[in-house]
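A quick write-up on the structure given underneath.
Numbering starts at 1 and runs along the sequence shown.
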Amino acid sequence: MFTSTGSSGLYKAPLSKSLLLVPSALSLLLALLLPHCQKLFVYDLHAVKNDFQIWRLICGRIICLDLKDTFCSSLLIYNFRIFERRYGSRKFASFLLGSWVLSALFDFLLVEAMQYFFGITAASNLPSGFLAPVFALFVPFYCSIPRVQVAQILGPLSITNKTLIYILGLQLFTSGSYIWIVAISGLMSGLCYNSKMFQVHQVLCIPSWVAKFFSWTLEPIFSSSEPASEARIGMGATLDIQRQQRMELLDRQLMFSQFAQGRRQRQQQGGMINWNRLFPPLRQRQNVNYQGGRQSEPAAPPPLEVSEEQVARLMEMGFSRGDALEALRASNNDLNVATNFLLQH
């Protein structure tokens, strides 16, 4: 279910790792050891407006005081880490900063609208924490991550690779009485930033010197090593199943190495790479027919036809047509595998 967001852990995602560790640790510290300090991190727009406690716009929107919100938002940040790999840490941080600032404005507007039209006072009951940027990330997630069906449930209803992440978002959306205000403001800010409305992406961005400073100071602390390519083999599997799993693993590694080699050659020489000239997968090498005690090599398969619809979906995510064609051919027209490899490289 999480295949849409990759499977390389926190590799090349130091900002996501810091957002997972630091706010979660501070939230646990406040809940277990320093409960008397929680009042300093309450998100109270009434105090901001009437008592000019502007500092609450920062302190009240960083650390979650509800551990359920901490858990759900951490899971979502982990699954949205793929955007940091795709955009880079600086652009990803700019998106989070822009949505964080814009959502504060939308919070004020929504609270005042509720007070004016319905007489409901919600300024003192908004949930604390880094929640609005998490909801804002659902905008690029919906727009750029393709929907791949995993299982059919009933009629048009189906489980996709994005279902569980939407369920987590719904769980976070319903975790409090007025969290829907933060959720709506986060979605609105994410929509504004993602669509480059009013050029907010140029105003609310991380300066290059700030990005270099944090890259030099904090990235070595929160960076993660590249995961091992060897996958675990089921201990309870039979010998034949283990051989099949290892063969599939070798096939994937060979396919990815072919794709990486093809991309490098195309970048150096230009033009498309003819994947039929690259050596076939290992399973095809061992697929030998025995007839009358004599071996006969299988006939070479015809060139794989790539679906233009899948090429268009990959191009909508920002990849070039050449990379999309190569990834789909190398992955045997598997959109999910092609997307994961393009996002992770």
Ignoring hydrogens, what is the shortest heavy-atom contact between Arg56 and Val48? Give both atom names and the distance. CB-CG2, 3.8 Å

When you group the ILVMFWY residues by side-chain heavy-atom contacts below 4.5 Å and let the links chain together, are Leu76 and Ile167 in the same group? no

Heavy-atom closest pair, residues Arg321 and Glu308: NH2-OE2, 3.0 Å

Any side-chain heavy atom of Ser223 sitting closer than 4.5 Å to one from Lys17? no

Leu170 with Phe71, same ILVMFWY side-chain cluster at under 4.5 Å: no

Tell me the closest heavy-atom pair linking Ile62 and Pro23, and the distance in Å. O-CB, 4.1 Å

Which heavy-atom pair separates Arg81 from Ala13 by the least distance, and what is that distance? CB-CB, 4.2 Å

Ring-face cation contact, Phe108 with Lys49, 6.0 Å cut, 45° max: no

Working note: Leu67 + Ser27, criterion side chain to side chain contact (heavy atoms under 4.5 Å, CB included); need CA distance, chi angles, decisive distance, verdict. CA-CA 7 Å; Leu67 293 181; Ser27 180; 3.6 Å; yes

Less than 4.5 Å apart, any side-chain heavy atom of Trp100 and any of Ile58? yes

Side-chain H-bond candidate by donor/acceptor type, Glu219 with Ser215, under 3.5 Å: yes

Does the side chain to side chain contact (heavy atoms under 4.5 Å, CB included) test come out yes or no for Cys59 and Leu40, once each step is laid out? CA-CA 7 Å; Cys59 296; Leu40 299 176; over 6 Å; no

Can you establish whether the number of heavy atoms outside Tyr166 located under 6.0 Å from its atom OH is more than 12? yes

Would you confirm whether the ring centroid of Phe80 sits within less than 6.0 angstrom of the ring centroid of Phe138? yes

Just do the side chain to side chain contact (heavy atoms under 4.5 Å, CB included) check on Leu172 and Phe135 with the steps written out, would you? CA-CA 9 Å; Leu172 185 61; Phe135 285 106; 3.7 Å; yes

Counting only heavy atoms not in Gln202 (residues, nucleotides, ligands), do more than 12 fall under 6.0 Å from its CD? yes

Tell me, with the steps shown, if Asn79 and Leu164 meet side chain to side chain contact (heavy atoms under 4.5 Å, CB included). CA-CA 10 Å; Asn79 283 281; Leu164 188 55; over 6 Å; no

Please report the closest heavy-atom contact between Leu15 and Ser89, naming both atoms and the distance. CD2-O, 4.1 Å

Is a side-chain donor or acceptor of Ser128 paired with a backbone partner of Phe41 at a separation under 3.5 angstrom? yes

Between Ser74 (side chain) and Leu20 (backbone), is there a donor-acceptor pair under 3.5 Å? no

Indicate the atoms forming the closest heavy-atom contact of Ala31 with Gln38, along with that distance. CA-NE2, 3.5 Å

In chain order, what residues pass the ring pair (Phe, Tyr, Trp, His ring centres under 6.0 Å) check against Tyr87, with sequence neighbours excluded? Phe83

For the residue pair Pro127 and Val182, establish whether any side-chain heavy-atom pair is separated by less than 4.5 Å. yes

Can you name the one residue among Leu45, Asp107, Val101 that meets side-chain contact (heavy atoms from CB on, under 4.5 Å) with Leu57? Leu45

For residues 188-221, which residue pairs pass the ring pair (Phe, Tyr, Trp, His ring centres under 6.0 Å) check, not counting sequence neighbours? Phe95-Tyr193

Linking I/L/V/M/F/W/Y whenever their side-chain heavy atoms sit closer than 4.5 Å, directly or via other members, would Val22 and Leu32 fall into one cluster? yes

